[in-house]
Amino acid sequence: KTHCPFTRSLMSTFHVEYCLFPQSNVLDQEGFGRQKRGYRSIDEIYIKMTDPLFSKQWYLINTGQADGTPGLDLNVAEAWGLGYTGRGITIAIMDDGIDYLHPDLASNYNAEASFDFSSNDPYPYPRYTNDWFNSHGTRCAGEVSAAANNNICGVGVAYNSKVAGIRMLDQPFMTDIIEASSISHMPQVIDIYSASWGPTDDGKTVDGPRELTLQAMADGVNKGRGGKGSIYVWASGDGGSYDDCNCDGYASSMWTISINSAINDGRTALYDESCSSTLASTFSNGRKRNPEAGVATTDLYGNCTLRHSGTSAAAPEAAGVFALALEANPNLTWRDMQHLSVLTSKRNQLHDEVHQWRRNGVGLEFNHLFGYGVLDAGSMVKMAKEWKTVPERFHCVAGSLQDVHKIQSGGKLILTISTDSCHGKDNFVRYLEHVQAVVTVNGSRRGDLNINMTSPMGTKSILLSCRPRDDDAKVGFDKWPFMTTHTWGEDPRGTWVLEVGFQGDEPQRGALKEWTLMLHGTQSAPYIDQIVRNYQSKLAMSKKEELEEELDEAVERSLKSLLSKN
Ligand SMILES: *[C@@H]1O[C@H](CO)[C@@H](O)[C@H](O)[C@H]1NC(C)=O
Ligand SMILES: *[C@@H]1O[C@H](CO)[C@@H](O)[C@H](O)[C@H]1NC(C)=O
Ligand SMILES: *[C@@H]1O[C@H](CO)[C@@H](O)[C@H](O)[C@H]1NC(C)=O
Ligand SMILES: *[C@@H]1O[C@H](CO)[C@@H](O)[C@H](O)[C@H]1NC(C)=O
Ligand SMILES: [Ca+2]
Ligand SMILES: [Ca+2]
Ligand SMILES: [Ca+2]
């Protein structure tokens, strides 16, 4: 097994910002029916804060600051209005340290849950450098837990939550032990772990957690938080269109919630990577020159900044939203949090010029880059409050092809697995959560390989896109678990299709040696039944346009009526 050098890169290099096409054409392209949900008039928002940067935090309440799109935000105002501010919840920032003396962080700092694995002491204070290189963790911490109404900097998404610092990025090399120790630090005290780092985003690395870290993650979701499971939030990566986050084993893990970013007018950021394992999105900077289009938060040595950036800035926002949901319902398991993200994230006014928004077999709307859309704190806490823990999870190996199949240039290899999803056995999976395709494949140029998988209900997941910088001709993918969240809620029984091909006209050779299909999910999930029934009755109606417009509301209505019965 060959790996690139064991380094972890921060996901917030400050990217060159420029416009690919004229701004604010987003509104013209989206139907009004989709806008109204995200849109609130400024008069409706009665949140008063004394913090000087609060009005610059468009990701909290977007009134159109920095040429943004009003209503395109995390909808925290609604969650705060219902009384949820993260009280009693601890979020750990696994990063380069936290300036815990910062006046906007000190009162929310959880010293007991903090540790410094880079220098093995209890004080995760950032190491000084002239260029403030180690400001990353402090900036992430402020997004989650900066105090409110204290006249300092801005306000955290969960401004009454506690934040712990786990310093673990600031040593010459990463080790499996440091990662594993960080991820498993005080799992009964820390509720949510936020990670804004991963394998190098050079577009040619295929890497993921090693043995100890994998074990630590598995232990975390099984035993953390009294058995309800640690919540791991992961930045999906900053490799842009040259990289694919399914080649990053941290982001693509089933045990992490991987978060991408939208900019303040709903477009993708140029550093965004796309992949089928991303669950949802929050907000960050990009494309715009306006410095106020960045993420306002705390900075080193008591300072504030308007310029936090990258998917680094997106992951902590999600950690903050999850803290609000956990306060609303501390019983939520790590899987409940993923279900809630799938069900309440919104397309809002997100716009991806490359990949269409599509609906999966049970009518859930998703996008290859944004996942199920942008997190909506208001919807999430309301649903969390009434939520019943999802049924037990089962795992079914649907099939495994182990013969060598050649991949021809110009053509493509098409394989199928027909499955009853372990029907009749104890581990029958009827309602999907995650699906993994464990693939061993090589090629004369790994970066030109692309792989799609289509479910029996007709949902195509792009498991691997081309990576133009990846020249590997030896290693390929060795039992690599590509993951998709796009078939969430579907019935997996039937025929799955895998398509493998090479991009471009260059002559290529390659061989697929294994495809193992792993299904994960439940035997019963009442809310999915409800959605499907609604979807099918709507499908019966002849007018397709009408269907598209009403579908979102139908899903929401059926959820509401279901929840009110519980
Ligand atoms: C950071 O804060 C210190 C102390 O308030 C101040 O002297 C310094 O100018 C600030 N630095 C930046 C880059 O804003
Ligand atoms: C959490 O679970 C406990 C014990 O099952 C139950 O009494 C309580 O009502 C639950 N809380 C919420 C908010 O669902
Ligand atoms: C891929 O694997 C096959 C079967 O093991 C082998 O014959 C072939 O040489 C490999 N191709 C490349 C490009 O490494
Ligand atoms: C996979 O899907 C993408 C997007 O629809 C398409 O461009 C590509 O050609 C497909 N690749 C294969 C091997 O089917
Ligand atoms: Ca220290
Ligand atoms: Ca403040
Ligand atoms: Ca990456």
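Side-chain atoms are counted along with the backbone in the values below, which use heavy atoms only and exclude waters and symmetry mates. As the structure lists them, so they are numbered: ligands from 1, and atoms in each ligand from 1.
The Ca ion (ligand 6) lies under 3.0 Å from an N, O or S atom belonging to Ile152. For the Ca ion (ligand 6), the set of nearby N, O or S atoms under 3.0 Å includes one belonging to Gly154.
Of the protein's heavy atoms, Asn331 ND2, 3.7 Å lies nearest to atom 8 (C) of ligand 2. Here the protein heavy atom with the shortest distance to atom 13 (C) of ligand 2 is Asn329 OD1, 3.6 Å. Nearest protein neighbour of atom 4 (C) of ligand 4, counting heavy atoms only, is Lys460 NZ, 3.8 Å.
Set against the non-hydrogen atoms of Val500, the atoms of ligand 4 under 4.0 Å away are 13 (C). Using a 4.0 Å cut-off to heavy atoms of Gly501, the atoms of ligand 4 that qualify are 13 (C). Taking every non-hydrogen atom of Asn450 and a distance limit under 4.0 Å, the qualifying atoms of ligand 4 come out as 8 (C), 10 (C), 11 (N), 12 (C), 13 (C).
Using a 4.0 Å cut-off between heavy atoms, Asn452 contacts ligand 4 through its side chain alone, with no backbone atom that close. Contacts of Glu499 with ligand 4, taken as heavy-atom pairs under 4.0 Å, involve both backbone and side chain.
Residues Phe283 and Trp58 bring their aromatic ring centres within 6.0 Å.
In the model, Ser261 has no side-chain atom that pairs as donor or acceptor with a side-chain atom of Ser284 under 3.5 Å. With 3.5 Å as the limit, one finds a donor-acceptor pair spanning the side chains of Asp95 and His136. Using modelled atom types and a 3.5 Å distance limit, the side chains of His434 and Arg335 yield no donor-acceptor pair. Judged purely by distance below 3.5 Å, without hydrogens or angles, the side chains of Asp448 and Gln508 pair a donor atom with an acceptor atom.
Around the Ca ion (ligand 6), the two atoms OD1 of Asn150 and O of Ala147 are separated by an angle of 90°, to 10 degrees.
Geometrically, Arg347 does not engage Phe370 in a cation-pi contact defined by less than 6.0 Å to the ring centre and at most 45° from the axis.
Between Cys140 and Ile93, the closest heavy-atom pair is CB-CG2, 3.9 Å. Residues Asn75 and Ala377 approach most closely at O-CB, 3.6 Å, considering heavy atoms.
The one candidate from Leu326, Thr90, Val321 that meets the side chain to side chain contact (heavy atoms under 4.5 Å, CB included) condition with Ile192 is Leu326.
The minimum distance between the Ca ion (ligand 6) and any N, O or S atom of Asp51 involves atom OD2.
Put simply, no part of His355 is less than 4.0 Å from ligand 4, judged by heavy atoms.
Distance check for atom 11 (N) of ligand 2: a protein heavy atom is found below 4.0 Å.
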